[in-house]
Amino acid sequence: MKTGSEKAEPILPVAHTKMGNNEELRESVQLLLTTKIAVYLMTFLIVTVAWAAHIRLFQVIVRIDDCLALLNLACMMLITFLPYTFSLMAAFPENVLGILLFCGCVMVMGVIQAGIVLYAFGRPFLLNEQIQISENRTFYKHHILKVIMRVPIMCFFASVFSFIFFQLSYALLAVVIFLPYVSQSLKWCRSKAIGPVQESPDSVLFYTYLPDEPLSKDRVEAFSDGVYAIVATLLILDICEDNVPDPTVVREQFGGSLTAALRVYGPEYLAYFGSFATVGLLWFAHHSLFLHVTQTTRLMGLLNTFSLAFVGGLPLAYQLTHEFPPDSRNELEAIQISCVIIFFAGIFQLTIWVVALRSERETLHPYVRYGGREHVFMLAKLSLYPCVALGTFFLTCVLSRFSAAIFHLMEITVPVAFLVLRLLVRVGVALLRLLFCPDGPDPRAAGGEEGEEEEEEEEEARVPFNTLVT
């Protein structure tokens with residue numbers, strides 16, 4: 001049931017977007033934003049909505065039998081077909097067939113999930129213990145069915161409107177992503193207008209769609225690792241597919257010298273290693289963040305989805321950075337697009353940590369809470385890629401002639417910066433203390449009971465974290 005990469009397939013079509021060398025990239029980007037990239041982001045987010053629904057469903061259903069396994073397998077089959085429908089939607093955005101196939105798959109998935117709910121509630125021993133002993137089991141069933149069927153109903157209306165005004169059908173599909181939050185906003189407005197509505201106490205236990213609703217940390221990490229693994233695999237597949245010289249060409253044009261033939265692909269190899277390092281370090285920052293997170297929430301899961309959506313665009317960025325002639329306008333625009341993708345992939349990781357700080361006692365280990373020993377280091381680690389990508393973007397705007405050199409220098413220096421980051425943070429904090437608190441007491445040098453109590457608290461906080469790391 002619990003697979004990490006089960007919902008990451010939409011990355012593949014956008015990774016194989018090709019552009020001609022003689023085509024102005026600015027026009028190409030406008031075309032991509034209105035077709036492939038826009039449809040990719042929308043599809044990726046809708047698929048992750050289905051993934052989150054799958055998580056919540058199997059938090060309610062904790063045991064499975066052969067029938068449930070087959071029904072779940074049918075859902076997985078439809079999910080693996082979604083990339084094909086996405087390819088049709090991206091290649092033929094004005095043709096309704098792609099939308100109909102996509103909406104049809106989602107509607108059938110909704111019906112199957114509804115069947116899973118009905119089957120499981122008909123056999124209470126498959127449900128979790130809290131629902132088994134509850135007197136409001138029927139209410140649970142109706143509430144879960146109502147939530148599950150929202151997305152298929154929206155897709156049904158999107159498929160109907162595709163025959164009338166296809167742009168509206170895309171808008172409806174986009175609403176699916178934020179439907180839970182729109183529903184909560186409407187409930188809040190209604191409570192302010194007519195007063196709070198009396199609800200059953202059980203209604204807030206499952207499928208609440210509140211931002212602080214708990215989400216399985218293990219499933220979030222497994223899904224994220226699956227996306228990073230697929231992105232890294234696509235990078236090596238691209239270089240194996242497009243950068244192996246033909247034996248006839250090597251023999252006729254390079255006199256049989258494979259070394260001379262491979263020298264032509266130098267920019268491609270440089271772009272590959274730089275892109276792989278970027279993917280690896282973004283994964284490392286993500287792993288470090290969730291190592292310190294003790295509990296994930298629905299809002300953190302949504303922000304993680306946005307970050308992964310931009311990580312999925314890194315294979316496209318890799319292609320763009322070496323596909324155009326050196327020192328051309330196209331190359332400059334391609335590098336700037338890569339900087340934007342890296343920036344948003346990193347900034348959403350930083351936002352996850354900032355959101356976790358709001359309820360830090362429930363979601364974060366003491367070391368990275370505000371004032372903790374690792375707080376500044378974690379801030380620096382998560383801020384590194386957004387700051388470097390943003391700085392590289394503006395440098396390429398000013399020094400456009402050296403854009404490729406600046407971008408590749410960024411890719412090389414960031415791994416080195418990660419290695420010496422802790423030292424840089426300590427030096428920076430020491431300089432700030434020297435500048436702004438030159439006469440302030442050193443908290444570690446302060447004696448007395450307060451200093452001993454602080455050391456004891458730090459020692460208590462250190463034990464579980466070291467155990468966790470071990």
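Throughout, residue positions are numbered sequentially from 1 according to the sequence presented.
No side-chain heavy atom of V111 sits less than 4.5 Å from a side-chain heavy atom of M107. Within the 4.5 Å cutoff, the side chain of I342 has heavy atoms near those of the L314 side chain. Taking 4.5 Å as the limit, every side-chain heavy atom of T294 sits out of range of all side-chain heavy atoms of L364. You'll find the side chain of V398 stays beyond 4.5 Å of the side chain of F394, heavy atoms only. Inter-residue side-chain proximity for K217 and E221 is flagged as met; some heavy-atom pair is nearer than 4.5 Å. Side-chain contact between Y140 and L127: absent, with no pair of heavy atoms (C-beta onward) separated by less than 4.5 Å. Annotation: side chain of M410 is not in contact with side chain of L395 (no heavy-atom distance under 4.5 Å). Between L299 and R358, some side-chain heavy-atom pair lies under the 4.5 Å cut-off.
In this structure, CD on Q336 lies 8.5 Å from OG on S400, to the nearest 0.5 angstrom. The structure places CE of M76 at 4.5 Å from CG of N72, a figure rounded to the nearest 0.5 Å. Atom CD1 in I116 sits 4.5 Å away from atom CZ in F58 (nearest 0.5 Å). With values rounded to the nearest 0.5 angstrom, I131 atom CD1 is found 10.5 Å from Q59 atom CD. Interatomic distance, OG1 of T278 versus CD1 of I341, reported as 11.0 Å (0.5 Å rounding). Within the model, atoms CD1 of I148 and NE2 of H143 stand 10.0 Å from one another, a figure rounded to the nearest 0.5 Å.
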Show the numbers, then the answer: is there a side chain to side chain contact (heavy atoms under 4.5 Å, CB included) between L350 and L379?
-> CA-CA 8 Å; L350 177 61; L379 174 63; 4.1 Å; yes
List the steps and the verdict of side chain to side chain contact (heavy atoms under 4.5 Å, CB included) for F223 and R219.
-> CA-CA 6 Å; F223 174 67; R219 294 293 298 274; over 6 Å; no
Decide yes or no on side chain to side chain contact (heavy atoms under 4.5 Å, CB included) for I112 and L78, but give the supporting numbers first.
-> CA-CA 10 Å; I112 293 175; L78 292 170; 4.0 Å; yes
Decide side chain to side chain contact (heavy atoms under 4.5 Å, CB included) for H286 and N304; before the verdict, give the C-alpha distance in whole Å, the side-chain angles of both, and the deciding distance to 0.1 Å.
-> CA-CA 9 Å; H286 183 277; N304 185 63; 2.8 Å; yes
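Side chain of S307 to backbone of F348: no donor-acceptor contact under 3.5 angstrom is found. Put simply, the side chain of Q349 gets close to the backbone of L282: a donor and an acceptor are under 3.5 Å apart.
In the displayed structure, R426 atom CZ is contacted under 6.0 Å by at most 12 heavy atoms of other residues, nucleotides or ligands.
Ring orientation note: the planes of W353 and H375 are tilted relative to one another, at an angle of 30° to 60°. Classified by interplanar angle (parallel below 30°, tilted 30° to 60°, perpendicular above 60°), the ring pair Y385/F418 is tilted. Ring orientation note: the planes of F157 and F161 are tilted relative to one another, at an angle of 30° to 60°. Between Y84 and F81, the ring planes are tilted. Angles from 30° to 60° get that label.
In plain terms, the two heavy atoms of F343 and P386 that are nearest each other are CD1-O, 3.3 Å. Listed here is the closest heavy atom pair of P315 and V231: CD-CG1, 3.7 Å. In terms of heavy-atom proximity, C103 sits nearest to A158 at SG-CB, 4.0 Å. Closest approach of R63 to Q132, counting heavy atoms only: NH1-NE2, 3.4 Å. The nearest pair of heavy atoms linking V311 to A345 is CG2-CB, 3.9 Å. Taking all atoms of both residues into account, the shortest heavy-atom contact from L82 to C105 is CD2-CB, 3.8 Å.
The side-chain hydrogen bond (donor to acceptor under 3.5 Å, both in side chains) test applied to K141 returns no partner, not counting sequence neighbours.
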